[in-house]
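So the structure is just underneath, and the comments pick up after that.
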2 protein chains.
Amino acid sequence: MTNAMAEDRRSWTQNPEGVRRDILAAAVSEFAERGLSGAKVDDIAARTRTSKRMIYYYFGDKMGLYTQALEAAYHKVREGEALLDLGHLPPLDALTKLVAFTFDHHRSNPDFIRMVMIENIHQAKALSASEKIRDLNIAAIEKLREICDRGEQEGIFRRGLDPVALHWQISAASFFNVSNRPTFAVLFGDEMFSDAGQAHLRSQTVEAILAIAKKHEAP
Amino acid sequence: MTNAMAEDRRSWTQNPEGVRRDILAAAVSEFAERGLSGAKVDDIAARTRTSKRMIYYYFGDKMGLYTQALEAAYHKVREGEALLDLGHLPPLDALTKLVAFTFDHHRSNPDFIRMVMIENIHQAKALSASEKIRDLNIAAIEKLREICDRGEQEGIFRRGLDPVALHWQISAASFFNVSNRPTFAVLFGDEMFSDAGQAHLRSQTVEAILAIAKKHEAP
DNA sequence: GCTAGATTGTACCCGTCAGTACAATCCGTC
DNA sequence: GACGGATTGTACTGACGGGTACAATCTAGC
(Lines give C-alpha, C1' and ligand atoms only; values in the text may rest on other atoms or scores of the structure.)
Protein backbone atom coordinates (compact mmCIF):
# COMPACT_ATOMS: atom_id res chain seq x y z
CA MET A 1 0.00 0.00 0.00
CA THR A 2 2.49 2.57 1.14
CA ASN A 3 4.99 1.01 -1.21
CA ALA A 4 2.70 1.33 -4.18
CA MET A 5 2.23 5.00 -3.43
CA ALA A 6 5.94 5.62 -3.11
CA GLU A 7 6.61 3.78 -6.33
CA ASP A 8 4.21 5.97 -8.25
CA ARG A 9 5.71 9.20 -7.08
CA ARG A 10 7.60 9.77 -10.29
CA SER A 11 5.67 9.38 -13.49
CA TRP A 12 3.37 6.66 -14.52
CA THR A 13 5.38 5.65 -17.55
CA GLN A 14 8.94 5.81 -16.24
CA ASN A 15 9.95 4.59 -12.85
CA PRO A 16 13.32 2.83 -12.78
CA GLU A 17 13.46 1.98 -9.10
CA GLY A 18 9.94 0.67 -9.10
CA VAL A 19 10.69 -1.46 -12.14
CA ARG A 20 13.85 -2.84 -10.53
CA ARG A 21 11.99 -3.81 -7.39
CA ASP A 22 9.18 -5.29 -9.40
CA ILE A 23 11.64 -7.43 -11.35
CA LEU A 24 13.56 -8.48 -8.27
CA ALA A 25 10.44 -9.61 -6.48
CA ALA A 26 9.38 -11.65 -9.47
CA ALA A 27 12.88 -13.09 -9.79
CA VAL A 28 13.00 -14.18 -6.14
CA SER A 29 9.70 -16.02 -6.49
CA GLU A 30 10.63 -17.67 -9.74
CA PHE A 31 14.16 -18.69 -8.74
CA ALA A 32 12.96 -19.90 -5.36
CA GLU A 33 10.28 -21.95 -7.03
CA ARG A 34 12.22 -23.48 -9.88
CA GLY A 35 15.94 -23.14 -9.22
CA LEU A 36 18.63 -21.44 -11.22
CA SER A 37 18.39 -23.27 -14.51
CA GLY A 38 14.75 -24.18 -13.91
CA ALA A 39 13.70 -20.54 -13.81
CA LYS A 40 13.10 -19.01 -17.24
CA VAL A 41 13.75 -15.37 -17.91
CA ASP A 42 10.58 -15.21 -19.99
CA ASP A 43 8.58 -16.53 -17.05
CA ILE A 44 10.10 -14.00 -14.71
CA ALA A 45 9.22 -11.29 -17.20
CA ALA A 46 5.67 -12.58 -17.33
CA ARG A 47 5.32 -12.07 -13.56
CA THR A 48 6.36 -8.49 -14.06
CA ARG A 49 4.61 -5.32 -15.08
CA THR A 50 7.37 -4.82 -17.64
CA SER A 51 9.17 -6.92 -20.24
CA LYS A 52 12.14 -9.22 -20.67
CA ARG A 53 13.97 -6.37 -22.32
CA MET A 54 14.01 -4.49 -19.04
CA ILE A 55 15.54 -7.40 -17.16
CA TYR A 56 18.53 -7.33 -19.45
CA TYR A 57 18.65 -3.57 -19.33
CA TYR A 58 18.85 -3.42 -15.55
CA PHE A 59 20.56 -6.68 -14.66
CA GLY A 60 22.75 -7.53 -17.62
CA ASP A 61 22.11 -11.23 -17.76
CA LYS A 62 20.40 -14.07 -15.95
CA MET A 63 23.26 -14.57 -13.54
CA GLY A 64 23.29 -10.90 -12.61
CA LEU A 65 19.61 -11.07 -11.88
CA TYR A 66 20.06 -14.20 -9.82
CA THR A 67 22.84 -12.66 -7.74
CA GLN A 68 20.81 -9.60 -6.93
CA ALA A 69 17.73 -11.67 -6.19
CA LEU A 70 19.80 -13.64 -3.69
CA GLU A 71 21.02 -10.45 -2.06
CA ALA A 72 17.50 -9.13 -1.89
CA ALA A 73 16.29 -12.30 -0.20
CA TYR A 74 19.08 -12.26 2.38
CA HIS A 75 18.57 -8.60 3.02
CA LYS A 76 14.90 -9.03 3.69
CA VAL A 77 15.25 -11.76 6.31
CA ARG A 78 18.25 -10.39 8.13
CA GLU A 79 16.40 -7.10 8.32
CA GLY A 80 13.53 -8.88 10.03
CA GLU A 81 15.93 -10.50 12.47
CA ALA A 82 17.58 -7.22 13.34
CA LEU A 83 14.31 -6.00 14.80
CA LEU A 84 14.58 -8.56 17.56
CA ASP A 85 16.01 -6.90 20.63
CA LEU A 86 17.40 -9.28 23.23
CA GLY A 87 19.87 -7.12 25.06
CA HIS A 88 17.60 -6.42 27.98
CA LEU A 89 16.63 -10.05 28.63
CA PRO A 90 18.48 -12.40 30.98
CA PRO A 91 20.64 -14.80 28.95
CA LEU A 92 18.46 -17.86 29.31
CA ASP A 93 15.36 -15.98 28.22
CA ALA A 94 17.25 -14.26 25.44
CA LEU A 95 18.48 -17.56 24.02
CA THR A 96 15.06 -19.15 24.34
CA LYS A 97 13.48 -16.26 22.54
CA LEU A 98 16.14 -16.21 19.84
CA VAL A 99 15.69 -19.89 19.04
CA ALA A 100 11.91 -19.72 18.97
CA PHE A 101 12.04 -16.59 16.86
CA THR A 102 14.48 -18.08 14.37
CA PHE A 103 12.35 -21.18 14.06
CA ASP A 104 9.26 -19.12 13.26
CA HIS A 105 11.05 -16.61 11.11
CA HIS A 106 12.52 -19.23 8.82
CA ARG A 107 9.14 -20.84 8.60
CA SER A 108 7.55 -17.64 7.41
CA ASN A 109 10.23 -16.98 4.77
CA PRO A 110 10.19 -20.07 2.58
CA ASP A 111 11.39 -18.20 -0.48
CA PHE A 112 14.54 -17.21 1.34
CA ILE A 113 15.14 -20.78 2.46
CA ARG A 114 14.72 -22.03 -1.06
CA MET A 115 17.11 -19.44 -2.44
CA VAL A 116 19.72 -20.64 0.05
CA MET A 117 19.06 -24.26 -0.90
CA ILE A 118 19.62 -23.40 -4.51
CA GLU A 119 22.74 -21.50 -3.67
CA ASN A 120 24.04 -24.55 -1.83
CA ILE A 121 23.35 -26.75 -4.82
CA HIS A 122 25.57 -24.38 -6.77
CA GLN A 123 28.35 -24.44 -4.19
CA ALA A 124 27.56 -20.91 -3.01
CA LYS A 125 29.23 -19.40 -6.06
CA ALA A 126 27.04 -16.33 -6.20
CA LEU A 127 27.18 -15.86 -2.44
CA SER A 128 30.98 -15.87 -2.42
CA ALA A 129 30.96 -13.03 -4.90
CA SER A 130 28.81 -10.80 -2.71
CA GLU A 131 30.52 -9.39 0.36
CA LYS A 132 27.40 -7.40 1.15
CA ILE A 133 25.76 -10.48 2.53
CA ARG A 134 28.67 -11.57 4.68
CA ASP A 135 28.38 -8.46 6.82
CA LEU A 136 24.74 -9.09 7.55
CA ASN A 137 25.59 -12.48 8.95
CA ILE A 138 28.48 -11.43 11.10
CA ALA A 139 25.97 -9.26 12.94
CA ALA A 140 23.81 -12.28 13.66
CA ILE A 141 26.74 -14.08 15.26
CA GLU A 142 27.70 -11.06 17.34
CA LYS A 143 24.26 -10.92 18.83
CA LEU A 144 24.56 -14.55 19.84
CA ARG A 145 28.06 -14.11 21.17
CA GLU A 146 26.86 -11.35 23.44
CA ILE A 147 24.23 -13.65 24.92
CA CYS A 148 26.79 -16.41 25.43
CA ASP A 149 29.17 -14.04 27.18
CA ARG A 150 26.54 -12.78 29.56
CA GLY A 151 25.43 -16.32 30.31
CA GLU A 152 28.96 -17.40 31.09
CA GLN A 153 29.54 -14.45 33.36
CA GLU A 154 26.37 -15.20 35.26
CA GLY A 155 27.55 -18.77 35.62
CA ILE A 156 24.53 -20.40 34.02
CA PHE A 157 26.08 -21.20 30.63
CA ARG A 158 29.07 -23.45 30.30
CA ARG A 159 32.46 -21.91 29.61
CA GLY A 160 33.95 -21.67 26.14
CA LEU A 161 30.66 -21.84 24.27
CA ASP A 162 31.24 -21.35 20.55
CA PRO A 163 28.61 -18.98 19.17
CA VAL A 164 29.20 -20.19 15.62
CA ALA A 165 28.60 -23.80 16.61
CA LEU A 166 25.51 -22.76 18.51
CA HIS A 167 24.27 -20.78 15.53
CA TRP A 168 24.91 -23.84 13.37
CA GLN A 169 22.67 -25.91 15.63
CA ILE A 170 19.89 -23.35 15.68
CA SER A 171 20.03 -22.90 11.93
CA ALA A 172 20.11 -26.62 11.27
CA ALA A 173 16.76 -27.22 12.95
CA SER A 174 15.08 -24.05 11.70
CA PHE A 175 16.33 -24.46 8.17
CA PHE A 176 15.71 -28.18 7.79
CA ASN A 177 12.19 -27.68 9.05
CA VAL A 178 11.39 -25.68 5.93
CA SER A 179 13.84 -27.00 3.39
CA ASN A 180 13.06 -30.69 3.85
CA ARG A 181 9.39 -30.47 4.56
CA PRO A 182 8.36 -31.92 1.18
CA THR A 183 10.38 -35.13 1.41
CA PHE A 184 9.87 -35.49 5.13
CA ALA A 185 6.12 -35.17 4.78
CA VAL A 186 6.02 -37.74 2.01
CA LEU A 187 8.07 -40.24 3.98
CA PHE A 188 6.71 -39.74 7.48
CA GLY A 189 3.36 -38.00 7.07
CA ASP A 190 2.62 -34.36 7.65
CA GLU A 191 1.67 -34.44 11.32
CA MET A 192 4.99 -32.74 12.11
CA PHE A 193 3.90 -29.78 10.02
CA SER A 194 0.51 -29.25 11.58
CA ASP A 195 0.26 -26.44 14.11
CA ALA A 196 0.59 -28.88 16.98
CA GLY A 197 3.50 -30.68 15.37
CA GLN A 198 5.35 -27.45 14.72
CA ALA A 199 4.80 -26.26 18.27
CA HIS A 200 6.25 -29.52 19.49
CA LEU A 201 9.29 -29.30 17.22
CA ARG A 202 9.88 -25.72 18.20
CA SER A 203 9.90 -26.43 21.91
CA GLN A 204 11.95 -29.57 21.37
CA THR A 205 14.49 -27.48 19.49
CA VAL A 206 14.56 -24.81 22.18
CA GLU A 207 15.16 -27.51 24.74
CA ALA A 208 17.97 -29.08 22.73
CA ILE A 209 19.75 -25.76 22.31
CA LEU A 210 19.40 -24.82 25.95
CA ALA A 211 20.82 -28.19 26.95
CA ILE A 212 23.91 -27.42 24.89
CA ALA A 213 24.32 -23.98 26.39
CA LYS A 214 23.55 -24.70 30.02
CA LYS A 215 26.11 -25.71 32.55
CA HIS A 216 25.76 -29.34 33.47
CA GLU A 217 23.99 -30.02 36.71
CA ALA A 218 26.39 -31.40 39.26
CA PRO A 219 26.06 -35.18 39.31
CA MET B 1 36.61 -55.03 -8.15
CA THR B 2 34.12 -57.79 -7.41
CA ASN B 3 31.47 -55.72 -9.15
CA ALA B 4 33.48 -55.39 -12.34
CA MET B 5 33.92 -59.14 -12.45
CA ALA B 6 30.25 -59.78 -11.92
CA GLU B 7 29.34 -57.29 -14.61
CA ASP B 8 31.51 -59.02 -17.16
CA ARG B 9 29.96 -62.40 -16.61
CA ARG B 10 27.87 -62.14 -19.76
CA SER B 11 29.61 -60.98 -22.87
CA TRP B 12 31.89 -58.11 -23.42
CA THR B 13 29.62 -56.36 -25.88
CA GLN B 14 26.20 -56.90 -24.37
CA ASN B 15 25.52 -56.50 -20.71
CA PRO B 16 22.16 -54.89 -19.96
CA GLU B 17 22.39 -54.88 -16.18
CA GLY B 18 25.91 -53.54 -16.23
CA VAL B 19 24.86 -50.82 -18.62
CA ARG B 20 21.90 -49.87 -16.44
CA ARG B 21 24.06 -49.62 -13.36
CA ASP B 22 26.66 -47.67 -15.26
CA ILE B 23 24.05 -45.19 -16.44
CA LEU B 24 22.44 -44.89 -13.01
CA ALA B 25 25.74 -44.17 -11.31
CA ALA B 26 26.52 -41.47 -13.86
CA ALA B 27 23.03 -40.04 -13.48
CA VAL B 28 23.26 -39.82 -9.70
CA SER B 29 26.54 -37.92 -9.93
CA GLU B 30 25.31 -35.57 -12.60
CA PHE B 31 21.91 -34.86 -11.07
CA ALA B 32 23.45 -34.45 -7.63
CA GLU B 33 25.98 -32.04 -9.03
CA ARG B 34 23.77 -29.92 -11.25
CA GLY B 35 20.16 -30.42 -10.32
CA LEU B 36 17.25 -31.66 -12.39
CA SER B 37 17.19 -29.10 -15.18
CA GLY B 38 20.87 -28.32 -14.76
CA ALA B 39 21.87 -31.88 -15.60
CA LYS B 40 22.12 -32.58 -19.32
CA VAL B 41 21.39 -35.98 -20.75
CA ASP B 42 24.34 -35.62 -23.10
CA ASP B 43 26.64 -34.98 -20.17
CA ILE B 44 25.32 -37.99 -18.32
CA ALA B 45 25.91 -40.05 -21.44
CA ALA B 46 29.46 -38.74 -21.62
CA ARG B 47 30.16 -40.09 -18.11
CA THR B 48 29.05 -43.47 -19.31
CA ARG B 49 30.67 -46.30 -21.19
CA THR B 50 27.64 -46.25 -23.50
CA SER B 51 25.63 -43.64 -25.38
CA LYS B 52 22.66 -41.34 -24.95
CA ARG B 53 20.65 -43.74 -27.03
CA MET B 54 20.92 -46.32 -24.29
CA ILE B 55 19.60 -43.93 -21.67
CA TYR B 56 16.41 -43.52 -23.61
CA TYR B 57 16.29 -47.21 -24.35
CA TYR B 58 16.44 -48.21 -20.68
CA PHE B 59 14.85 -45.26 -18.93
CA GLY B 60 12.41 -43.76 -21.40
CA ASP B 61 13.04 -40.11 -20.72
CA LYS B 62 14.96 -37.76 -18.47
CA MET B 63 12.33 -37.85 -15.76
CA GLY B 64 12.36 -41.64 -15.71
CA LEU B 65 16.10 -41.59 -15.32
CA TYR B 66 15.88 -39.04 -12.56
CA THR B 67 13.32 -41.04 -10.64
CA GLN B 68 15.37 -44.20 -10.76
CA ALA B 69 18.53 -42.32 -9.87
CA LEU B 70 16.73 -40.99 -6.79
CA GLU B 71 15.63 -44.48 -5.86
CA ALA B 72 19.14 -45.78 -6.32
CA ALA B 73 20.55 -43.06 -4.09
CA TYR B 74 18.03 -43.75 -1.32
CA HIS B 75 18.55 -47.44 -1.61
CA LYS B 76 22.28 -47.16 -1.23
CA VAL B 77 22.24 -45.10 1.97
CA ARG B 78 19.41 -46.90 3.71
CA GLU B 79 21.21 -50.13 2.95
CA GLY B 80 24.27 -48.77 4.73
CA GLU B 81 22.14 -47.80 7.71
CA ALA B 82 20.57 -51.20 7.94
CA LEU B 83 23.96 -52.71 8.74
CA LEU B 84 23.97 -50.85 12.03
CA ASP B 85 22.84 -53.22 14.74
CA LEU B 86 21.75 -51.55 17.95
CA GLY B 87 19.44 -54.12 19.46
CA HIS B 88 22.01 -55.44 21.88
CA LEU B 89 23.06 -52.06 23.28
CA PRO B 90 21.49 -50.36 26.29
CA PRO B 91 19.16 -47.58 25.10
CA LEU B 92 21.40 -44.66 25.94
CA ASP B 93 24.35 -46.19 24.14
CA ALA B 94 22.17 -47.23 21.25
CA LEU B 95 20.85 -43.71 20.77
CA THR B 96 24.30 -42.19 21.11
CA LYS B 97 25.68 -44.56 18.54
CA LEU B 98 22.76 -44.00 16.18
CA VAL B 99 23.15 -40.23 16.23
CA ALA B 100 26.91 -40.32 15.75
CA PHE B 101 26.54 -42.86 12.98
CA THR B 102 23.88 -40.86 11.17
CA PHE B 103 26.01 -37.75 11.38
CA ASP B 104 28.97 -39.52 9.81
CA HIS B 105 26.94 -41.49 7.33
CA HIS B 106 25.27 -38.43 5.88
CA ARG B 107 28.62 -36.76 5.72
CA SER B 108 30.07 -39.56 3.65
CA ASN B 109 27.15 -39.61 1.23
CA PRO B 110 27.00 -36.10 -0.19
CA ASP B 111 25.46 -37.22 -3.46
CA PHE B 112 22.50 -38.64 -1.62
CA ILE B 113 22.07 -35.45 0.36
CA ARG B 114 22.15 -33.41 -2.80
CA MET B 115 19.60 -35.62 -4.49
CA VAL B 116 17.28 -35.07 -1.55
CA MET B 117 17.89 -31.32 -1.68
CA ILE B 118 16.95 -31.32 -5.33
CA GLU B 119 13.91 -33.41 -4.64
CA ASN B 120 12.82 -30.89 -2.02
CA ILE B 121 13.24 -28.04 -4.47
CA HIS B 122 10.83 -29.92 -6.68
CA GLN B 123 8.31 -30.51 -3.89
CA ALA B 124 9.16 -34.19 -3.67
CA LYS B 125 7.18 -34.97 -6.80
CA ALA B 126 9.33 -37.89 -7.86
CA LEU B 127 9.54 -39.23 -4.33
CA SER B 128 5.76 -39.26 -3.92
CA ALA B 129 5.51 -41.44 -6.99
CA SER B 130 7.84 -44.09 -5.61
CA GLU B 131 6.43 -46.21 -2.81
CA LYS B 132 9.58 -48.30 -2.82
CA ILE B 133 11.39 -45.59 -0.93
CA ARG B 134 8.74 -45.09 1.68
CA ASP B 135 9.19 -48.60 3.00
CA LEU B 136 12.90 -48.12 3.48
CA ASN B 137 12.22 -45.16 5.72
CA ILE B 138 9.56 -46.73 7.84
CA ALA B 139 12.21 -49.23 8.85
CA ALA B 140 14.47 -46.44 10.06
CA ILE B 141 11.72 -45.13 12.32
CA GLU B 142 10.95 -48.55 13.70
CA LYS B 143 14.53 -49.00 14.76
CA LEU B 144 14.36 -45.72 16.63
CA ARG B 145 11.00 -46.51 18.15
CA GLU B 146 12.39 -49.72 19.57
CA ILE B 147 15.18 -47.80 21.29
CA CYS B 148 12.72 -45.28 22.70
CA ASP B 149 10.49 -48.02 24.06
CA ARG B 150 13.33 -49.76 25.80
CA GLY B 151 14.55 -46.48 27.25
CA GLU B 152 11.14 -45.65 28.60
CA GLN B 153 10.77 -49.08 30.16
CA GLU B 154 14.10 -48.75 31.87
CA GLY B 155 13.00 -45.38 33.17
CA ILE B 156 15.87 -43.39 31.71
CA PHE B 157 13.99 -41.83 28.78
CA ARG B 158 11.02 -39.58 29.27
CA ARG B 159 7.55 -40.96 28.58
CA GLY B 160 5.73 -40.39 25.32
CA LEU B 161 8.81 -39.75 23.22
CA ASP B 162 7.86 -39.36 19.59
CA PRO B 163 10.32 -41.30 17.43
CA VAL B 164 9.39 -39.30 14.36
CA ALA B 165 10.11 -36.01 16.10
CA LEU B 166 13.37 -37.45 17.36
CA HIS B 167 14.29 -38.64 13.91
CA TRP B 168 13.47 -35.16 12.60
CA GLN B 169 15.94 -33.66 15.04
CA ILE B 170 18.69 -36.13 14.21
CA SER B 171 18.16 -35.68 10.49
CA ALA B 172 18.08 -31.91 10.74
CA ALA B 173 21.58 -31.68 12.17
CA SER B 174 23.09 -34.45 10.07
CA PHE B 175 21.51 -33.24 6.86
CA PHE B 176 22.12 -29.53 7.30
CA ASN B 177 25.75 -30.26 8.05
CA VAL B 178 26.21 -31.46 4.50
CA SER B 179 23.53 -29.60 2.59
CA ASN B 180 24.41 -26.13 3.83
CA ARG B 181 28.12 -26.48 4.09
CA PRO B 182 28.84 -24.24 1.07
CA THR B 183 26.88 -21.20 2.24
CA PHE B 184 27.75 -21.71 5.88
CA ALA B 185 31.46 -21.89 5.08
CA VAL B 186 31.30 -18.75 2.99
CA LEU B 187 29.49 -16.81 5.68
CA PHE B 188 31.18 -18.11 8.81
CA GLY B 189 34.44 -19.65 7.69
CA ASP B 190 35.19 -23.32 7.31
CA GLU B 191 36.51 -24.11 10.78
CA MET B 192 33.28 -25.98 11.48
CA PHE B 193 34.11 -28.35 8.65
CA SER B 194 37.63 -29.19 9.69
CA ASP B 195 38.10 -32.52 11.46
CA ALA B 196 38.08 -30.82 14.84
CA GLY B 197 35.05 -28.74 13.99
CA GLN B 198 33.11 -31.75 12.79
CA ALA B 199 34.01 -33.73 15.88
CA HIS B 200 32.69 -30.87 17.97
CA LEU B 201 29.47 -30.59 16.02
CA ARG B 202 28.92 -34.32 16.19
CA SER B 203 29.29 -34.47 19.95
CA GLN B 204 27.23 -31.34 20.37
CA THR B 205 24.50 -32.96 18.32
CA VAL B 206 24.65 -36.19 20.31
CA GLU B 207 24.34 -34.17 23.46
CA ALA B 208 21.37 -32.21 22.17
CA ILE B 209 19.53 -35.35 21.16
CA LEU B 210 20.23 -37.12 24.42
CA ALA B 211 18.94 -34.11 26.32
CA ILE B 212 15.66 -34.40 24.46
CA ALA B 213 15.36 -38.09 25.14
CA LYS B 214 16.48 -38.24 28.73
CA LYS B 215 14.20 -37.92 31.66
CA HIS B 216 14.65 -34.61 33.41
CA GLU B 217 16.68 -34.71 36.56
CA ALA B 218 14.52 -34.04 39.56
CA PRO B 219 14.85 -30.34 40.47
C1' DG C 1 10.99 23.09 -28.41
C1' DC C 2 15.37 20.85 -28.86
C1' DT C 3 19.12 17.82 -27.63
C1' DA C 4 21.21 14.11 -25.07
C1' DG C 5 20.82 10.45 -22.45
C1' DA C 6 17.91 7.29 -20.20
C1' DT C 7 14.25 3.93 -20.83
C1' DT C 8 11.23 0.71 -23.40
C1' DG C 9 8.86 -2.31 -27.26
C1' DT C 10 9.13 -5.54 -31.18
C1' DA C 11 11.00 -8.83 -33.47
C1' DC C 12 14.37 -11.68 -34.09
C1' DC C 13 18.80 -14.79 -33.86
C1' DC C 14 21.12 -18.87 -32.78
C1' DG C 15 22.98 -22.34 -29.66
C1' DT C 16 21.53 -25.95 -26.79
C1' DC C 17 19.28 -30.02 -25.62
C1' DA C 18 15.48 -33.51 -25.01
C1' DG C 19 14.03 -36.83 -27.75
C1' DT C 20 13.75 -39.92 -32.26
C1' DA C 21 14.14 -42.44 -37.01
C1' DC C 22 16.25 -45.94 -38.99
C1' DA C 23 19.20 -49.23 -39.72
C1' DA C 24 22.64 -52.26 -37.99
C1' DT C 25 24.37 -55.73 -34.95
C1' DC C 26 24.27 -59.10 -31.38
C1' DC C 27 22.99 -63.67 -29.31
C1' DG C 28 20.21 -67.45 -27.67
C1' DT C 29 17.50 -70.99 -29.72
C1' DC C 30 15.86 -74.10 -32.98
C1' DG D 1 22.96 -71.03 -40.02
C1' DA D 2 18.70 -68.69 -39.79
C1' DC D 3 15.03 -66.43 -37.11
C1' DG D 4 13.52 -63.07 -33.82
C1' DG D 5 13.87 -60.29 -30.18
C1' DA D 6 17.05 -57.63 -27.64
C1' DT D 7 20.50 -54.15 -27.93
C1' DT D 8 23.25 -50.36 -29.98
C1' DG D 9 25.26 -46.49 -33.26
C1' DT D 10 24.62 -42.47 -36.27
C1' DA D 11 22.53 -38.75 -37.58
C1' DC D 12 19.07 -35.99 -37.17
C1' DT D 13 14.81 -32.73 -35.64
C1' DG D 14 12.28 -29.28 -33.47
C1' DA D 15 11.32 -26.53 -29.62
C1' DC D 16 12.87 -23.88 -26.16
C1' DG D 17 15.16 -20.06 -24.22
C1' DG D 18 19.04 -16.73 -23.33
C1' DG D 19 20.34 -12.86 -25.33
C1' DT D 20 20.32 -8.85 -28.87
C1' DA D 21 19.47 -5.32 -32.95
C1' DC D 22 17.22 -1.47 -33.84
C1' DA D 23 14.27 1.89 -33.51
C1' DA D 24 11.01 4.42 -30.78
C1' DT D 25 9.77 7.09 -26.85
C1' DC D 26 10.41 9.44 -22.65
C1' DT D 27 12.48 13.09 -19.38
C1' DA D 28 15.43 16.65 -17.83
C1' DG D 29 17.83 20.68 -18.66
C1' DC D 30 18.85 24.37 -21.63
Look at B:Glu142 together with B:Arg145 and state whether they make a salt bridge at an N to O cut-off of under 4.0 Å. yes
May I ask you to evaluate whether A:Ser51 reaches the phosphate of C:dG9, defined as a side-chain N or O under 4.0 Å from OP1 or OP2? yes
Separation of atom NZ in A:Lys62 from atom C1' in D:dC16, rounded to whole Å: 12 Å
Rounded distance (Å) that lies between atom P of D:dC16 and atom CG of A:Asp43: 11 Å
Just checking, any donor-acceptor pair under 3.5 angstrom between side chains of B:Asn120 and A:Ser179? no
Can you find a donor-acceptor pair, distance only, under 3.5 Å between A:Lys52 side chain and D:dG19 base? yes
A:Phe59 CZ - D:dT20 P separation (whole Å): 16 Å
Under-4.0 Å side-chain N/O to phosphate OP1/OP2 contact, B:Tyr58 with D:dA6: no
Measure CZ/A:Arg20 against C1'/C:dT8 and give the value in whole Å, please. 16 Å
Within the structure shown, what part of the strands sits under 4.0 Å from B:Ala39 by heavy-atom distance: base, sugar-phosphate, or nothing? sugar-phosphate
To the nearest Å, give me how far apart CG (B:Asp61) and C1' (C:dG19) are. 9 Å
Using atom CD1 of A:Ile55 as one end and atom P of D:dG17 as the other, report the distance to the nearest whole Å. 14 Å
Whole-Å distance between D:dG17 C1' and A:Leu36 CG? 14 Å
Any sub-3.5 Å donor-acceptor pair from A:Ser194's side-chain atoms to A:Asp190's backbone N or O? no
On DNA chain C, nearest-nucleotide positions of B:Tyr56 versus B:Arg53: which is more 5'? B:Tyr56
Is there side-chain contact between B:Met115 and B:Tyr66, with at least one heavy-atom pair below 4.5 Å? yes
CE of B:Met54 versus C1' of D:dT10: gap in Å, rounded? 12 Å
So, OP1 or OP2 of D:dG9: does either fall under 4.0 Å of a side-chain N or O from B:Tyr57? no
SB check B:Arg47 B:Glu30 (cutoff 4.0 Å): yes
